[in-house]
Amino acid sequence: QKEVEQDPGPLSVPEGAIVSLNCTYSNSAFQYFMWYRQYSRKGPELLMYTYSSGNKEDGRFTAQVDKSSKYISLFIRDSQPSDSATYLCAMSDRGDDKIIFGKGTRLHILP
Amino acid sequence: DGGITQSPKYLFRKEGQNVTLSCEQNLNHDAMYWYRQDPGQGLRLIYYSQIVNDFQKGDIAEGYSVSREKKESFPLTVTSAQKNPTAFYLCASSFTLTGGNSPLHFGNGTRLTVT
């Protein structure tokens, strides 16, 4: 079983819809959870950063962490064509030096 | 503006040649990293450095070398020993080398094509 699983997509949704992106993981020691957005031919940019369980909201973006289920989600409200990108989840435990990335989900918002 | 600068954006080389990719950061971050990104493979860690004059191998270090002579700079050399060098290379930095406690900030990558 891979440490972090993420559906590669592509996921196509109409403009204005709510988007749900998800990752599952196997290492119960993970405590730090991140979402990155990567546009084509660009580097990933940090979108959301959460510690342990719970929700975090930033504008149209909400990150959720359910450690009991080893499942994290990113919700995008009122999706825009400019949200079309690849979204990478990432996570790490407290003591390890490494951040483990999912392979990314390609998202297309249709005008 | 603070950030990470990778150059060049595109690089073409013939097989058998070594090539060096540049990475400079002005974020005053201690830790720097090199990742390789291939379609369907996600990000794979090549090398990382916590402080000047110290660096560690990542998961796929074979065929690569790095140096860290200055805090701001972490160049990556792709040697002729690297069997599949064509890829998108990403440099990143973080405030400290403490896993998820210090999120990564990425440059915009160098696409290397070797023929």
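Just so it is clear, the structure is predicted and the values come from calculations on it, not from any experiment. Below, read A as the first sequence line, B as the second, and so on, with proteins coming before strands; counting in each chain starts at 1.
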*Working to the nearest 0.5 Å, report the span between CD1 of A:Ile99 and OH of B:Tyr48.*
12.0 Å
*Measuring heavy-atom distances to chain B, does A:Pro44 have an atom under 4.5 Å in its side chain, in its backbone, in both, or in neither?*
both
*At their closest point, which heavy atom of A:Arg41 faces which heavy atom of B:Phe88, and how far apart are they?*
C-CZ, 4.2 Å
*Counting only heavy atoms closer than 4.5 Å, note whether B:Tyr89 contacts chain A via side chain, backbone, both or neither.*
neither
*With the 4.5 Å side-chain cut-off for hydrophobic clustering, are B:Val66 and B:Tyr35 part of the same group?*
no
_Same apolar cluster: B:Leu11 and B:Ile4, side chain cutoff 4.5 Å_ = no
*Do B:Leu104 and A:Leu46 touch side chain to side chain, with heavy atoms closer than 4.5 Å?*
no
_Side-chain heavy atoms nearer than 4.5 Å, only ILVMFWY residues, links allowed to pass through others: does that put B:Leu90 and B:Leu21 together?_
no
*asked:* Quick check on A:Lys42: does its NZ atom have over 12 non-hydrogen neighbours (other residues, nucleotides or ligands) under 6.0 Å away?
replied: no
_Hydrophobic clustering (ILVMFWY, side-chain heavy atoms < 4.5 Å, transitive) - are A:Leu21 and A:Val65 grouped together?_
yes
*Linking I/L/V/M/F/W/Y whenever any side-chain heavy atoms sit under 4.5 Å apart, do B:Leu43 and A:Tyr49 land together?*
yes
_Quick check on the interface: out of B:Gln37, B:His105, B:Arg111, B:Lys9, who has the most heavy-atom pairs with chain A under 4.5 Å?_
B:Gln37
*Identify the heavy atoms of B:Asn108 and A:Gly43 that sit nearest to each other, and give their distance.*
OD1-N, 3.0 Å
*Using non-hydrogen atoms and a 4.5 Å limit, figure out which bit of A:Gln31 sits close to chain B: side chain, backbone, both or neither.*
neither
*Atom pair OH/CZ of A:Tyr36 and B:Phe106 - distance to nearest 0.5 Å*: 5.5 Å
*Engaged part of A:Tyr51 at the chain B interface, taking heavy atoms whose separation is under 4.5 Å*: neither
*asked:* For the CG atom of B:Asp59 and the CD1 atom of A:Ile100, what is their distance to the nearest 0.5 Å?
replied: 7.0 Å
